[in-house]
Amino acid sequence: MSTLLESNTNTDIDNNISTMMDITVLYFASLADEAHCHEEKITVPQSTSLTGLYEQLRQKHRFSRPQSELRVAVNDYFAKWTDEINHGDSVVFITPVAGG
Amino acid sequence: MSTLLESNTNTDIDNNISTMMDITVLYFASLADEAHCHEEKITVPQSTSLTGLYEQLRQKHRFSRPQSELRVAVNDYFAKWTDEINHGDSVVFITPVAGG
Amino acid sequence: MVDQVHGQSMSIKRSIDEAYLIAERDGFALLDIDIDESRLKSTLDDGSCGAFVCFEGRVRNHNNASSVNRLTYYGYEELALNQGRAIIEEAKKRFEITHAIAIHRIGALEIGDVAIWVGVVSAHRYPAFDACRWILDTIKADIPVWKQEYYQDDSTKWLSNNG
Amino acid sequence: MVDQVHGQSMSIKRSIDEAYLIAERDGFALLDIDIDESRLKSTLDDGSCGAFVCFEGRVRNHNNASSVNRLTYYGYEELALNQGRAIIEEAKKRFEITHAIAIHRIGALEIGDVAIWVGVVSAHRYPAFDACRWILDTIKADIPVWKQEYYQDDSTKWLSNNG
């Protein structure tokens, strides 16, 4: 997590504790394989976008899939990549599904 | 049955016993209601066509449906109205079906 | 009167086991008791098939504006078996399916009873849907089965699938 | 390792009874044991419905050229329930149907096991066929369920419905 924070200090002016958000990220399928975990809790600056969040985690875990191949869910509903994240949110990146 | 034979004596020149056919006719649904029976055996001249047979029986039983609304089956297979009838055949006139 | 002229077409001439054997072999049979769906389904089990689609036609409590109490199906069994076999053969040519089975029930049925059951298995899903619908439509158009509805005022009516 | 990162998505968080209650109420649920088709069908019984169409997706013994031994489905249950409820709501708007229920199974499945079941009832037959196919397609496109196939050489592969 500290690496994530450091990597954002240059772009976020108000980077103090009051502007940070705690986010829970769940991983499924190949993302869970690559992240070596099902769930992680991270703290990110309040202005972090969903695309920015995925890029940070992609670098951290060396995810093989680009964001263009994924969908995203926030608080157990599909969300748009342009939707805002809020403190306490749960975020899940959805690789192509294979039900049925 | 005798009425049927009589009604054909004028049109069939070779109307002797060697050129007659025994036919079994089965009735289903509204035709059975109108014929008041499920099955009848009739003897007709060998040249009798399926359309001719239906016209005779229609007059006999006062069937309400014209031939154009019916299909015909010979020996338990759908047949064309132009197919020949042979001695011993089973003939069924099929009113519009209503399965399913 | 009804039994005299229609009695023979309210029941099948074969045993129940024979009807199921014909259904399994030829893909179609008439039956004059409750359709045993699990018995039909078990004949369609196949490890190569990812898709199973089935249709059940049940007796409704209404038809257009009229309230239906019960109805009776009458069948011309020999022609129905011959035509049913041809329909299933044709379905296997038209669609990429592994197997298909259909049964039409005849006799007196109550509301909710299954009058017709069609089941299809295939490797992939779309052919199973397409074939099931086609078989059903073709049975409704071509199988010699007739339906008489009984209404609350004791009147009856011969139905037709084609208007 | 597999259990550590995938264990939570191989089973549901609810009881079986709760899953069936959700399926009955919302039209969709995940389940992690054998799907009880008769239990689902019984919730669809309706005297006004003449048509019942169902689809069962079963595990096939092959996929493309590969021989499949078994496979495992993983699900994101909370999103699946929310999205499944929306799919069934949408189906009822799009098609003239009375009710629809679908269940997707997760966990380890063997060849022949039913992975997905979709059932639809309607007054007439075409909307039931159309809705059943649409619900199935939409589940396959949108429900967060993932599939890993295990082959005879012990290799595994994550599948995708969209190429």
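Each chain gets a letter, A, B and so on, in the order its sequence line appears, and its residues count up from 1.
Counting only distance, with no hydrogens or angles, the side chain of B:Asp76 and the backbone of C:Asn82 share no donor-acceptor pair below 3.5 Å. At least one donor-acceptor pair under 3.5 Å links the side chain of C:His104 to the backbone N or O of B:Gly100. Not a single donor-acceptor pair under 3.5 Å links the side chain of C:Trp146 to the backbone N or O of B:Ser30.
The two residues C:Asn161 and B:Gly99 come nearest to each other via the heavy atoms ND2-O, 2.8 Å. Of all the heavy atoms in B:Pro96 and C:Ser160, the pair that sits closest is CB-OG, 3.5 Å.
More than 12 non-hydrogen atoms from other residues, nucleotides or ligands lie less than 6.0 angstrom from CD of B:Glu69. Environment of CD in B:Glu84: sparse, with no more than 12 heavy atoms of neighbouring residues, nucleotides or ligands closer than 6.0 Å.
Contacts with chain C were tallied for B:Ile94, B:Thr95, B:Val97; B:Val97 has the most, counting heavy-atom pairs under 4.5 Å.
Between B:Asp33 and C:Trp158 the shortest side-chain heavy-atom distance falls below 4.5 Å.
At a 4.5 Å heavy-atom cutoff, the contact between C:Leu79 and chain B is made by backbone and side-chain atoms alike. Heavy atoms of B:Ala29 lying under 4.5 Å from chain C belong to its backbone as well as its side chain. Interface remark: C:Ile143 contributes backbone atoms only to the contact with chain B (heavy atom separation under 4.5 Å). For C:Asp142, the parts lying under 4.5 angstrom from a heavy atom of chain B are both the backbone and the side chain. Heavy-atom distances place no part of C:Ala86 under 4.5 Å from chain B, backbone and side chain included. With a 4.5 Å cut-off on non-hydrogen atoms, C:Tyr73 touches chain B through its side chain but not through its backbone.
How far CD of C:Gln8 is from CZ of B:Phe28: 8.5 Å, rounded to the nearest 0.5 Å.
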